[in-house]
Amino acid sequence: MHNHASQYLISAWRGEFLDAATERLFRAHSEPHMARALRRAVLVWALLVVLFGALDYPALGWTAEFQLLFGWRLATGLLLVFFYFQVRRKPALATSGYAATAVEIFGSFLFFLLYFLRHDMVTWVIGVVAVSLLALFMYIPNRVYLSLLAAGFIIAGMLFCVAINGFGIETLVGLTFMLMLPTVVGFFTAMRWQVAQRQNYALLMQVMSANRDLQSEVRRREALEVELKRQATTDPLTGLFNRRQYEMLFQRERERCNRLHQQMSLCIMDLDHFKRINDEHGHDAGDAVLRHVAQRLSCSLRHSDVVGRFGGEEFVLVLPDTGLEQAMAVLDRLRAELAVTPVPVNGQLLPVSATFGVTEVQEGDAELEDVLKRADRALYEGKGAGRNRVMTA
Ligand SMILES: Nc1nc2c(ncn2[C@@H]2O[C@H](COP(=O)(O)OP(=O)(O)OP(=O)(O)O)[C@@H](O)[C@H]2O)c(=O)[nH]1
């Protein structure tokens, strides 16, 4: 969705958003609230139409005039109840405004009828019309120009009734002024309300959009942080821990094993005749083999084991809570697995094997370097003894 300030410009004339799509969204947004308010207004209106009928009987008695008026009140009341249920079924009727306007115009005929049939209270009728005009704008939710249309119809109708009753131009002008007053007050109040609603909506949407932008920025930065951390701690080719990270993890595991009086082993693993793979199949094939072997190591070892790339075709394996014998068993299983499973590269299966130099971490080992040196010595012996084996030191 585009989200520019221009999208939320409000027409000074119509009091609605200039952008049709925004106006549609606003109406959909305010529909439940508007429909509820309209239903309430319609019910109150229906109640008043019928209740005021009680005043007709003492004045008119059981006459044809009373019956006509009563019938008309009943019809208007029933129309309003019908409209109430229509709005409940289809709340969009409240925001489009046309149906409410049609009901308002139909409802106004009761005033005209009253004017002719209740000679005893003509001035009252005009007073009620004036109040109703105000209510039309302020109590019945509608689009302000449609309310103005209904109000214009009511004023014209009233003037017509008064004119055919024989009143002169002075009365008509006076009545026009009198009915214009609530109309103008109602119009400007409703207009201000209509604009304020849209301004609130625009503000809400802008805040929500800013929030969404902020959230997506936070997510982007979180992902960036994870990625930066990954880059800082892993080897780009294999995804295994880099030297800095496995050194740190080695220290952490060593302290933990010391605390728990557990043994711990460390192994350097070196692929056999790796140079040949590079020479015969190219450097890319060599890279593919390294990635494949790294994945095998990660999958085969325990989650708590630390697998790092030592450099070139050498790997470091830190095995916490593992004594030398146990480590030898684990590594020999790994060695055998590697030796019998060739690596698929570019449609070819390349046999690989590796030599392992393993040692147990001793209390006297001051640094990781001491342990690595011992493991490297064992590895060197393994290479000398014909490769594809696990040697201890
Ligand atoms: N493709 C690839 N090759 C690498 C990488 N790092 C080191 N190498 C190569 O690995 C080979 C290691 O060769 P050597 O040290 O002679 O060891 P080797 O051929 O495995 O022989 P032994 O270890 O004695 O069995 C060299 O050719 C390096 O260029 C890498 O990241 N990618």
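Each ligand, and each atom within it, is numbered from 1 in the order the structure gives. Residue indices begin at 1 and follow the sequence shown.
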K.L.:
I need the nearest protein heavy-atom contact for atom 6 (N) of ligand 1: residue, atom name and distance, please.
P.N.:
Gly312 CA, 3.1 Å
K.L.:
In the single-linkage hydrophobic clustering (I, L, V, M, F, W, Y; side-chain heavy atoms under 4.5 Å), do Leu113 and Tyr57 co-cluster?
P.N.:
yes
K.L.:
If you have a sec, work out which protein heavy atom is nearest atom 21 (O) of ligand 1 and how many Å separate them, to one decimal?
P.N.:
His273 N, 3.6 Å
K.L.:
Is the shortest heavy-atom distance from the side chain of Thr234 to the side chain of Asn242 under 4.5 Å?
P.N.:
no
K.L.:
Provide, to 0.1 Å, the distance between atom 22 (P) of ligand 1 and the closest protein heavy atom, together with that atom's residue and name.
P.N.:
Lys383 NZ, 3.4 Å
K.L.:
Provide the number and element of each atom of ligand 1 under 4.0 Å from a heavy atom of Asp272.
P.N.:
20 (O), 25 (O)
K.L.:
Check step by step if ring-ring contact (aromatic ring centres under 6.0 Å, His included) holds for Phe241 and Phe250.
P.N.:
CA-CA 11 Å; Phe241 291 128; Phe250 171 83; over 10 Å; no
K.L.:
Which of the numbered atoms in ligand 1 are below 4.0 angstrom from a heavy atom of Gly286?
P.N.:
1 (N)
K.L.:
When you look at Phe70 and Phe66, which way does the ring-ring contact (aromatic ring centres under 6.0 Å, His included) test go after all the steps?
P.N.:
CA-CA 6 Å; Phe70 185 71; Phe66 170 76; 5.8 Å; yes
K.L.:
Is it possible for you to say whether Met158 and Leu181 belong to one hydrophobic cluster, with membership spreading through side-chain heavy-atom contacts below 4.5 Å?
P.N.:
no
K.L.:
With side chains defined as the heavy atoms from C-beta onward, is the minimum distance between Thr76 and Leu79 less than 4.5 Å?
P.N.:
no
K.L.:
Going by the closest heavy atom to atom 28 (C) of ligand 1, which one wins out of Asp270, Asn278, Leu237, Asp284?
P.N.:
Asn278
K.L.:
Measure the distance from atom 11 (C) of ligand 1 to every protein heavy atom, then report the residue, atom name and distance (to 0.1 Å) of the closest one.
P.N.:
Phe274 CD2, 3.8 Å
K.L.:
Of all the non-hydrogen atoms in the protein, which one sits nearest to atom 24 (O) of ligand 1, and at what distance?
P.N.:
Arg387 NH2, 3.0 Å
K.L.:
Could you check Phe109 against Tyr115 for ring-ring contact (aromatic ring centres under 6.0 Å, His included), going step by step and ending with a plain yes or no?
P.N.:
CA-CA 10 Å; Phe109 279 93; Tyr115 182 82; over 10 Å; no
K.L.:
For His283, take its heavy atoms, then give the atoms of ligand 1 lying under 4.0 Å from any of them.
P.N.:
1 (N), 2 (C), 3 (N), 32 (N)
K.L.:
Does an N or O anywhere in Leu271 fall below 3.5 Å from an N or O of ligand 1?
P.N.:
yes
K.L.:
Anything under 30° is parallel, anything over 60° is perpendicular, the rest tilted; go ahead and classify Tyr8 against Tyr201.
P.N.:
perpendicular
K.L.:
Check whether any side-chain heavy atom of Leu372 lies under 4.5 Å from a side-chain heavy atom of Val316, and answer yes or no.
P.N.:
yes
K.L.:
Just need the protein heavy atom nearest to atom 14 (P) of ligand 1, so name the residue and atom and give the distance.
P.N.:
Glu313 OE2, 3.9 Å
K.L.:
Look at atom CZ of Phe106 and say whether more than 12 heavy atoms of other residues, nucleotides or ligands are closer to it than 6.0 Å.
P.N.:
yes
K.L.:
Can you report which non-hydrogen protein atom sits closest to atom 32 (N) of ligand 1, along with the distance?
P.N.:
Asp287 OD1, 2.6 Å
K.L.:
To check your reading of the model: name the closest protein heavy atom to atom 27 (O) of ligand 1, its residue, and the distance in Å.
P.N.:
Lys275 CG, 3.5 Å
K.L.:
Hey, is ligand 1 close enough to Arg276 that some N/O pair sits below 3.5 Å?
P.N.:
no
K.L.:
Quick one: does Arg309 get within less than 4.0 Å of ligand 1, heavy atoms only?
P.N.:
yes
